[in-house]
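Since the structure comes first, as structure tokens, the remarks are kept for the end.
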There are 2 protein chains.
Amino acid sequence: MAHSHDHHHHEARPDLTRNQDLVLRTLNGADAPLSAYDILDRLRDDGLRAPLQVYRALERLIEAGLAHRLESLNAFVCCADAGCHEKASGTAAFAICSKCGRVDEFTDPEVGERLAGWAGVQGFALERTTIELRGVCQGCRTAA
Amino acid sequence: MAHSHDHHHHEARPDLTRNQDLVLRTLNGADAPLSAYDILDRLRDDGLRAPLQVYRALERLIEAGLAHRLESLNAFVCCADAGCHEKASGTAAFAICSKCGRVDEFTDPEVGERLAGWAGVQGFALERTTIELRGVCQGCRTAA
DNA sequence: TTGCGTCATGTAATAACGTAACACAGATCG
DNA sequence: CGATCTGTGTTACGTTATTACATGACGCAA
Ligand SMILES: [Zn+2]
Ligand SMILES: [Zn+2]
Ligand SMILES: [Zn+2]
Ligand SMILES: [Zn+2]
């Protein structure tokens with residue numbers, strides 16, 4: 001079932017397998033980052049039993065640019081900025097609220113260029129960049 | 001033995017306790033990031049037995065600006081850029097070589113300002129920023 | 001058809017990373 | 001003196017991630 005007419009989904013996703021699709025839906029349905037074990041718990045009823053099943057799916061989703069890992073949280077979110085992988089200035093950054101857990105993904109071309117520039121000068125072959133901001137979101141601040 | 005005359009070390013450190021000093025020396029003596037358990041293993045002969053002893057020391061060292069945690073590695077390094085905590089443009093970034101493990105700490109004021117600027121516009125109360133570059137350092141590339 | 005690579009999957013066991021809870025010792029201050 | 005604060009030591013536990021091995025589905029070529 002690689003090519004077919006069952007794309008009830010607005011985008012031609014890069015052919016997800018069942019487990020990958022389950023994990024991606026779970027991430028999409030969450031309003032905060034989920035750990036691999038959170039995801040596993042939510043997918044027990046769908047037959048997933050072991051962490052590795054989740055980690056393997058996450059690996060592919062991240063490769064495909066459909067999800068991100070938040071290193072400072074050991075958790076995962078689905079990509080919320082389609083342009084974050086457009087090379088040239090496509091370095092995703094994440095603002096993570098310590099109060100409510102919400103995550104805001106954004107890109108700043110200037111930041112990406114500065115870091116790439118540093119790498120160029122140093123002869124550092126840049127493969128991946130992690131930018132994570134921790135703090136309190138506006139909603140949580142005004143709700144104080 | 002908190003105050004004494006045994007500061008054979010060039011800087012007036014913020015009065016480290018024995019465990020903090022042991023951990024900091026270990027980090028200083030390493031040529032790559034160390035996990036908390038790496039540190040623990042190296043300090044068994046000095047009497048440390050449990051992970052918590054290391055984590056507590058690391059917590060203080062990081063607060064004091066003497067060490068950093070690398071989130072993408074779950075490991076720790078000692079601070080290599082005294083200016084990285086000078087507020088105004090003092091956001092530390094780390095370039096981590098996937099081949100040899102070496103870490104290069106640097107700061108780019110422009111990057112710090114752009115991220116702080118985004119936070120300001122969004123009403124996000126920024127507390128902490130993580131910037132980590134993964135790739136291959138020049139030494140490892142030319143040694144290919 | 002059979003055999004062979006490749007990829008996803010399933011499962012168990014274990015490694016690696018991190019924290020809660022409790023008890024104790026020394027310093028400081030009324 | 002007791003009250004409190006900070007650092008310490010220890011046990012036990014919780015969370016996150018990987019290794020190793022076995023199986024099943026598919027495409028393809030002999
Ligand atoms: Zn993204
Ligand atoms: Zn919030
Ligand atoms: Zn530093
Ligand atoms: Zn290197």
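Nothing here was measured: the structure is a model prediction, and the numbers come from that model. Hydrogens, waters and symmetry mates play no part in the numbers below; they use all other heavy atoms, side chains included.
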Please give, in whole Å, the distance from D/dT18 C1' to A/L40 CG?
15 Å

Between A/F76 and A/V54, is any pair of side-chain heavy atoms under 4.5 Å apart?
no

Between A/Q53 and C/dT9, is there a contact of a side-chain N or O with OP1 or OP2 at under 4.0 Å?
no

Which residues in residues 45-52 of chain A have at least one heavy atom lying under 4.0 Å from any atom of DNA chain D?
A/L52

Summary of side chain to side chain donor-acceptor pair (under 3.5 Å) pairs that have at least one residue in residues 115-127 of chain A, sequence neighbours excluded:
none

Are any of the side-chain heavy atoms of A/F94 and A/L73 separated by less than 4.5 Å?
no

Taken to the nearest whole Å, CG/A/L70 to C1'/D/dT15 is 17 Å

Rounded to whole Å, the CZ-C1' distance (B/R18 to D/dT6) equals 17 Å

Looking at C/dC17, I'd like to know if its phosphate oxygens (OP1 or OP2) sit under 4.0 Å from a side-chain N or O belonging to A/N74.
no

B/T17 side chain near D/dT6 phosphate (N/O to OP1/OP2, under 4.0 Å):
no

In whole angstroms, the gap separating P of D/dT15 from CG of A/L73 amounts to 15 Å

Do the charged groups of B/D21 and B/R25 touch, with an N to O distance under 4.0 Å?
yes

Please state how far atom CD in B/E71 lies from atom P in C/dC17, giving the value in whole angstrom units.
14 Å

Given A/V23, which partner from the list A/L34, A/L43, A/L40, A/T17 fulfils the side-chain contact (heavy atoms from CB on, under 4.5 Å) test?
A/L43

Let me spell it out: for each of A/Y37 and A/R60, pick the nucleotide of DNA chain C with the closest heavy atom. Which residue's pick is nearer the 5' end?
A/R60

Can you check whether any acceptor in the base of D/dG9 is under 3.5 Å from a donor in the side chain of B/R56, or vice versa?
yes

Atom pair distance, as rounded to whole Å: CD1 in B/I39 and C1' in C/dA16
14 Å

A/I131 side chain near A/D108 side chain, heavy-atom distance below 4.5 Å:
no

Should B/L61 and B/L16 count as side-chain neighbours, where that means a heavy-atom distance under 4.5 Å?
yes

Just the rounded figure in Å: distance from C1' of C/dA12 to OH of A/Y55.
16 Å

Can you check whether B/N19 has a side-chain N or O nearer than 4.0 Å to OP1 or OP2 of D/dG7?
no

